[in-house]
Amino acid sequence: MPNVMFDFHRQLPVPPNFTSAIVIDLESRSELDLTKVGVAKYATSPSTQITMVSWRWAHETETRIWDMSSGSRPWELVWALRDPEVCLL
């Protein structure tokens with residue numbers, strides 16, 4: 001499988017039929033090795049935990065970070081994930 005790097009800081013256009021778009025990146029840890037077991041097994045394993053979420057609006061370059069150990073939810077992200085007019089990239 002090729003190693004593809006995504007430029008997380010590049011501004012992106014909002015897809016048609018959406019009012020805005022948000023780019024999300026997750027960091028996780030698990031007892032399983034993602035490269036050995038594959039995405040489906042890794043993601044559904046009880047030992048897999050999301051440790052950090054970073055996101056930014058597609059039209060911006062500023063990245064926001066949520067360290068899951070901090071406990072408090074970033075409401076901007078929560079509302080964006082619930083909004084059907086926001087496209088997840």
Side-chain angles (χ1 to χ4, degrees):
M1 184 165 39
N3 186 5
V4 178
M5 296 297 292
F6 176 73
D7 182 1
F8 191 76
H9 302 288
R10 179 173 52 103
Q11 289 187 352
L12 300 168
V14 174
N17 303 323
F18 292 95
T19 58
S20 57
I22 194 166
V23 181
I24 297 178
D25 180 42
L26 304 174
E27 298 299 324
S28 61
R29 66 173 174 224
S30 180
E31 293 173 356
L32 302 179
D33 183 336
L34 174 61
T35 61
K36 292 180 180 175
V37 300
V39 173
K41 215 175 230 187
Y42 182 89
T44 58
S45 170
S47 72
T48 301
Q49 299 175 340
I50 296 173
T51 57
M52 186 182 75
V53 179
S54 57
W55 76 97
R56 68 171 179 80
W57 294 100
H59 63 280
E60 296 179 354
T61 57
E62 177 190 353
T63 301
R64 296 156 177 89
I65 296 174
W66 176 24
D67 178 348
M68 302 282 285
S69 66
S70 71
S72 61
R73 292 183 182 149
W75 289 106
E76 174 189 34
L77 178 60
V78 171
W79 289 112
L81 294 172
R82 291 180 177 174
D83 188 338
E85 294 190 13
V86 174
C87 176
L88 302 180
L89 300 175

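Quick caveat: nothing in here was measured; it's all calculated off a predicted structure.
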Asks: When the side chains of residues 31-41 are checked against the rest of the protein, which donor-acceptor pairs come out under 3.5 Å, sequence neighbours left out?
Replies:
unit_1 : atom_1 : unit_2 : atom_2 : d
Asp33  : OD1    : Thr35  : N      : 3.0
Asp33  : OD1    : Thr35  : OG1    : 2.6

Asks: Identify the two heavy atoms, one from Trp55 and one from Ile22, that lie closest to each other, and give their separation to 0.1 Å.
Replies: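 Closest approach of Trp55 to Ile22, heavy atoms only: CD1-CD1, 3.3 Å.
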
Asks: Counting C-beta onward and ignoring hydrogens, is there a side-chain heavy-atom pair between Glu27 and Ile50 closer than 4.5 Å?
Replies: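 Result no, sub-4.5 Å side-chain heavy-atom pair not found.
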
Asks: Test side chain to side chain contact (heavy atoms under 4.5 Å, CB included) on Leu26 and Met52; report intermediate values, then the result.
Replies: CA-CA 6 Å; Leu26 304 174; Met52 186 182 75; over 6 Å; no

Asks: Tell me the salt bridge (charged side-chain N to carboxylate O under 4.0 Å, His left out) pairs involving residues 43-55, sequence neighbours left out?
Replies: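 Residue pairs with at least one partner in residues 43-55: there are none.
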
Asks: Determine whether Arg56 and Glu62 make a side-chain contact, defined as any pair of heavy atoms from C-beta on separated by less than 4.5 Å.
Replies: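 In short, these two side chains do not touch, never coming nearer than 4.5 Å.
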
Asks: Answer yes or no: is there a donor N or O on one side and an acceptor on the other, between the side chain of Ser45 and the main chain of Tyr42, under 3.5 Å?
Replies: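 Pair absent, no side-chain N/O of Ser45 close to backbone of Tyr42.
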
Asks: Taking distance alone, no hydrogens or angles, what donor-acceptor pairs closer than 3.5 Å link side-chain atoms of residues 71-89 to residues at least two apart or in another chain?
Replies:
unit_1 : atom_1 : unit_2 : atom_2 : d
Glu76  : OE1    : Arg64  : NE     : 3.0
Glu76  : OE2    : Trp57  : NE1    : 2.8
Asp83  : OD1    : Glu85  : N      : 2.8

Asks: List the atom of Ile65, the atom of Ser54, and the distance in Å for their closest heavy-atom pair.
Replies: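 Minimum heavy-atom separation between Ile65 and Ser54: CG1-CB, 4.1 Å.
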
Asks: Could you go through the side chain to side chain contact (heavy atoms under 4.5 Å, CB included) check for Arg29 and Thr48 one step at a time?
Replies: CA-CA 6 Å; Arg29 66 173 174 224; Thr48 301; over 6 Å; no

Asks: Please answer whether the main-chain N or O of Ser30 pairs with a side-chain N or O of Ser47 as donor and acceptor at a distance below 3.5 Å.
Replies: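 No, the answer is negative, given that no donor and acceptor are paired below the 3.5 Å cut-off.
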
